[in-house]
Amino acid sequence: MAEKKNLPEFAVLPRHVGFIMDGNGRWAKNRGLPRSEGHKAGAKTFRKIGEYAADLGIECVTFYAFSTENWKRPEAEVNAIMTLFGDYLNEVIDRIRENEEKGIRLKFIGDRNGISPELLNLMDYTEKLTENKSKITLNIAINYGGRHEIASAVKEIAKKAVNGEIYPEEIDENLISDYLYTKGQPDPDLIIRPSGEFRTSNFLTWQGAYSELWFSDVLWPDFTEEHFNEALRAFEKRNRRFGGV
Ligand code: IPE
Ligand code: IPE
Ligand code: MG
């Protein structure tokens, strides 16, 4: 499969890019379609951009698929999103069986409570099936909330402290990072949010403390490799100081 041509080159590439996949609902509304059609179109964009990131040589990407706050949505919409998620996981399994996989190591970040047992099985299975893939690590944030993640980490650390396994003096930023879903991964260098909203909506709250942000009016289903290139060009020019001079 030698179909990828003319990949752009970048002087610096982010190691980890986060995507807030927003704007599916508005995309559908603009076309007089049900919101679920927007999610379907967004899921296609997700596949395309994930594979493109792998081709570019990016080490890690995180896609925000469903937040801890998204349960507020109508049940039918939640079900539509979960069904699309399951479809993707089944597709990954089929591709691996047919030896057509793309070197993607899948990880899921978020609270497993609330996810159906069927989906949890598929998640465990695909995580295991792809654990030796090394082209890119692709995190899917599902039932994910940054504050919830931090609260869960604090709970775990507190339990260990009570049991005498951790001394309060040992609790530092590195230790807290090790209790997050992203343990062992680099922090996101770049977070991309399309759809015209200027907020991060509880995405990678701890990890994104020093992320570069890139916003665009384009709705997620319309997001292309070109938009991604544009964000990466902007990232190339950013002067990251991390509080220094
Ligand atoms: C997708 O976009 C994000 C998810 C929560 C799945 P939205 O469904 O939020 O789309 P808009 O913001 O209503 O356009
Ligand atoms: C953020 O989008 C969550 C995901 C992309 C999964 P939302 O549409 O839920 O965010 P808000 O409500 O506009 O902040
Ligand atoms: Mg939205």
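Values below: every heavy atom of this structure, side chains too, minus hydrogens, waters and symmetry copies. Since we're looking at a predicted model, the values are computed, not measured. Both ligands and their constituent atoms are indexed starting at 1 by order of listing.
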Short N or O distance, Arg199 and ligand 2, threshold 3.5 Å exclusive: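 For ligand 2, there is an N or O atom that lies under 3.5 Å from one belonging to Arg199.
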Any N or O of Ser67 closer than 3.5 Å to N or O of ligand 2: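 Checking ligand 2 against Ser67, no N or O pair falls under 3.5 Å apart.
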Using non-hydrogen atoms of the residue, decide whether [X] is closer than 4.0 angstrom to ligand 1.
| X | result |
| --- | --- |
| Lys29 | no |
| Gly23 | yes |
| Ala65 | yes |

ILVMFWY cluster membership beyond Phe198 - transitive side-chain contacts under 4.5 angstrom: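 Listed partners: Ile20, Tyr64, Ile109, Tyr144, Tyr181, Ile191, Phe203, Leu204, Leu213, Phe215.
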If you measure only the distance, is there a donor-acceptor pair under 3.5 Å linking the side chains of [X] and [Y]?
| X | Y | result |
| --- | --- | --- |
| Asn113 | Asp111 | yes |
| Thr205 | Arg147 | no |
| Asn70 | Ser67 | yes |

Closest approach of any protein heavy atom to atom 7 (P) of ligand 2, naming residue and atom: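 Result: Arg73 NH2, 3.8 Å.
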Which residue and heavy atom of the protein sit nearest atom 14 (O) of ligand 2, plus the separation: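 Answer for atom 14 (O) of ligand 2: Ser201 OG, 2.6 Å.
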Proximity of Leu219 to ligand 1 by residue part, where a heavy atom lies under 4.0 Å: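 Neither; nothing of Leu219 gets under 4.0 Å from ligand 1.
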Residue part near ligand 1, for Asn70, under 4.0 Å between non-hydrogen atoms: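 The part of Asn70 near ligand 1 is the side chain, not the backbone.
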Near [X], which atoms of ligand 2 are under 4.0 Å from a heavy atom of that residue?
| X | value |
| --- | --- |
| Tyr64 | 3 (C), 4 (C), 5 (C), 6 (C) |
| Phe66 | 6 (C) |
| Met21 | 5 (C) |

Ring geometry between Phe242 and Tyr210 (parallel below 30°, tilted from 30 to 60°, perpendicular above 60°):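 Because their plane-to-plane angle lies in the 30° to 60° range, the rings of Tyr210 and Phe242 count as tilted.
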Heteroatom N/O/S of Glu197 within less than 2.8 Å of the Mg ion (ligand 3):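 No.
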Answer yes or no: is there an ion pair linking [X] with [Y], defined by an N-O contact shorter than 4.0 Å?
| X | Y | value |
| --- | --- | --- |
| Glu131 | Lys128 | yes |
| Asp124 | Arg112 | yes |
| Glu77 | Arg35 | yes |
| Lys40 | Glu37 | yes |

